**Student:** 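A single structure is presented below for examination.
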There are 2 protein chains.
Amino acid sequence: MVATPRKLQEFERREADILAAALELFSGDNWESVTVVQIADRAGIGKGTVYKHFASKDEIYARLALDFFYGLLRCCHRIQDSNDPEAEMRSAFRGALQYHREHQEYSNVRQYVFRAGFWERLSKSYIESFEKLDAEFAIWANQRIERGMDAGVFSKQPLVTVRTGLDALFNGAVSQLWGNRCWMEIEPDEYIEQVVEFAINSLKAGQVE
Amino acid sequence: MVATPRKLQEFERREADILAAALELFSGDNWESVTVVQIADRAGIGKGTVYKHFASKDEIYARLALDFFYGLLRCCHRIQDSNDPEAEMRSAFRGALQYHREHQEYSNVRQYVFRAGFWERLSKSYIESFEKLDAEFAIWANQRIERGMDAGVFSKQPLVTVRTGLDALFNGAVSQLWGNRCWMEIEPDEYIEQVVEFAINSLKAGQVE
DNA sequence: GTAATTCGTGACCGCTGGTCATATAATGAC
DNA sequence: GTCATTATATGACCAGCGGTCACGAATTAC
């Protein structure tokens with residue numbers, strides 16, 4: 001028998017309920033000890049039902065992370081093209097960091113999926129989704145950097161140096177923004193500006209002003 | 001009754017055995033599912049004995065991480081003072097990254113202790129140890145940067161900008177070097193050079209050569 | 001030699017993520 | 001409207017986890 005719209009609709013609604021419940025619990029204080037039963041209870045369904053939608057607890061995390069990163073990509077694509085590559089880069093870097101700041105509820109999800117061992121356990125289809133995401137982001141980033149170099153605004157450097165550095169800087173900054181070891185006595189907005197400044201400095205290094 | 005040297009010696013030897021066993025297991029493939037029983041077995045002792053030395057499994061991780069970071073600090077202090085702040089900074093940044101590369105067996109330990117929630121569970125004395133470590137490292141780093149600025153080799157910038165950026169860059173680079181999502185098609189040694197280059201570029205930005 | 005004391009031990013506990021036989025309810029042929 | 005069919009929800013159940021603790025072996029003190 002083919003699933004009817006009625007049933008399908010309810011099924012999908014449940015999935016959304018599970019994801020919403022999981023995100024709420026994962027963003028709480030004791031997210032490390034969130035159990036499948038808690039997620040099921042909050043979604044108003046039985047524990048077994050969760051496993052009709054996700055093969056494991058990890059897959060719930062993976063799904064939430066995917067949603068988050070696709071949101072980030074959309075956020076990046078929203079940056080307008082202009083004739084000022086530096087301002088564009090500033091805006092993109094700042095925007096991406098702000099996106100993370102505004103969606104702190106995904107902080108623990110991101111940390112969880114970046115743990116070593118997570119990808120080994122993940123099913124192939126999810127891994128492919130993440131790889132596709134990486135590729136799309138790489139295209140977008142490379143274009144921006146190359147345009148800036150061609151315009152003479154950024155110093156000519158091997159693309160790999162710049163991408164490597166920007167990537168490390170960005171990830172480190174996100175960890176700091178979200179990390180629980182916030183030894184830095186600085187406001188998030190101010191922190192983001194500092195990091196953007198640092199990034200642009202490195203992109204322009206060697207240029208005589 | 002006071003513990004005799006004989007007993008104390010054996011006790012300490014056991015502690016070393018536990019740490020060595022734990023590090024071996026944590027650096028393996030399925031480190032996420034390492035159990036206390038496995039650690040005890042490999043150390044050749046009973047499970048209960050582990051808890052005579054460490055209040056929890058987390059404390060074993062914390063102890064290993066402390067050892068690792070103190071090694072890093074010693075590694076930094078070994079850098080010779082010279083009249084060339086840029087070469088000094090290059091050497092320090094490169095050395096610290098190489099130290100991580102050479103001690104990949106601590107990769108999972110570092111990832112584990114940087115998880116949100118880890119510090120909340122950790123006992124006060126361990127937290128103090130980590131804070132002391134942070135402070136010592138900050139002193140060392142600030143001195144190097146300020147010396148470079150005073151000598152006119154690095155451009156004058158607020159110390160917070162530089163520290164912020166360098167810190168984020170460094171942590172991001174370590175994650176990349178150790179991360180399991182190694183999408184970057186680049187050799188570690190080459191990667192380190194690129195990151196060092198990126199860091200120095202940002203430190204010198206604005207300087208006319 | 002023997003009593004006192006320390007320390008290692010593994011059976012045990014509460015709880016977890018994940019499974020599966022069963023109960024339930026929506027569906028469509030008549 | 002009725003009822004056989006079938007997709008779906010469920011929670012008792014399982015193996016295994018981190019952590020505890022009463023007990024016994026081994027060492028010390030005298």
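What you are looking at is a predicted structure, and each value in this text was computed from that prediction instead of being measured. By convention in this document, chain letters (A, B, ...) are assigned in the order of the sequence lines, proteins followed by strands, and residues within each chain are numbered from 1.
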**Student:** Where the side chain of B:Thr35 is defined as all heavy atoms beyond and including C-beta, which of D:dC17, C:dG8, D:dA9 is the nearest nucleotide?
**Tutor:**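 Looking only at side-chain atoms, B:Thr35 lies closest to D:dC17.
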**Student:** Could you give the CD-to-P distance, from A:Glu12 to D:dA9, as a whole number of Å?
**Tutor:**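 Whole-Å distance recorded here is 12 Å.
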**Student:** Starting at NE2 of A:His53 and ending at C1' of D:dA9, how long is that distance when rounded to a whole Å?
**Tutor:** 9 Å
**Student:** Between A:Lys52 and A:Ser33, which has a closest nucleotide on DNA chain C that is more 5'?
**Tutor:** A:Ser33
**Student:** How is A:Val34 classified with respect to the nucleic acid when contacts are heavy atoms under 4.0 Å: base, sugar-phosphate, or nothing?
**Tutor:** sugar-phosphate
**Student:** Rounded to whole Å, please give me the gap between CZ in A:Arg13 and P in D:dA9.
**Tutor:**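 That distance rounds to 14 Å.
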**Student:** What's the CD-P distance between A:Gln38 and C:dC15, to the nearest Å?
**Tutor:**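 About 12 Å, once rounded to whole Å.
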**Student:** Out of C:dT9, D:dA9, C:dG17, which nucleotide sits closest to the side chain of A:Lys57?
**Tutor:** C:dG17
**Student:** Rounding to a whole Å, what distance do you find between A:Asp58:CG and C:dG18:P?
**Tutor:**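 Atom-to-atom, A:Asp58 to C:dG18, this comes out as 7 Å.
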**Student:** Using 30° and 60° as the class boundaries, would you call the ring planes of A:Phe114 and A:Phe69 parallel, tilted or perpendicular?
**Tutor:** parallel
**Student:** Checking all strands, does A:Ser56 fall into the base, sugar-phosphate, or nothing category for heavy-atom contacts under 4.0 angstrom?
**Tutor:**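 Contact class for A:Ser56: sugar-phosphate only.
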**Student:** Roughly, in whole Å, what's the span from CZ in A:Arg14 to P in C:dA26?
**Tutor:**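 These atoms are roughly 10 Å apart.
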**Student:** Should the ring pair B:Phe11 and B:His53 be called parallel, tilted or perpendicular, given that the plane angle runs from 0 to 90° and is split at 30 and 60?
**Tutor:** parallel
**Student:** Any idea how B:Phe68 and B:Trp178 line up, ring-wise: parallel (<30°), tilted (30 to 60°), or perpendicular (>60°)?
**Tutor:** tilted
**Student:** Would you indicate which nucleotide in D:dT20, C:dG17, C:dT9 comes nearest to any side-chain atom of A:Tyr51?
**Tutor:**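 Comparing D:dT20, C:dG17, C:dT9 against the side chain of A:Tyr51, the answer is C:dG17.
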**Student:** Counting only side-chain heavy atoms from C-beta out, which of D:dT10, D:dA12, D:dG18 sits nearest to B:Lys47?
**Tutor:** D:dG18
**Student:** If I take atom CD1 in residue A:Ile60 and atom P in nucleotide C:dT16, what distance separates them, rounded to the nearest angstrom?
**Tutor:**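 After rounding, the gap between these two atoms is 15 Å.
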**Student:** For the pair made of CG in B:Leu25 and P in D:dC17, what is the distance, rounded to whole Å?
**Tutor:**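 Taking atom P of D:dC17 as the reference, CG of B:Leu25 is at 13 Å.
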**Student:** Could you label the plane-to-plane angle of the B:Tyr61 and B:Tyr112 rings as parallel, tilted or perpendicular, counting under 30° as parallel and over 60° as perpendicular?
**Tutor:**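 The rings of B:Tyr61 and B:Tyr112 lie parallel, inter-plane angle below 30°.
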**Student:** Do A:Arg115 and A:Glu32 meet the salt-bridge criterion of a basic N to acidic O distance under 4.0 Å?
**Tutor:** yes
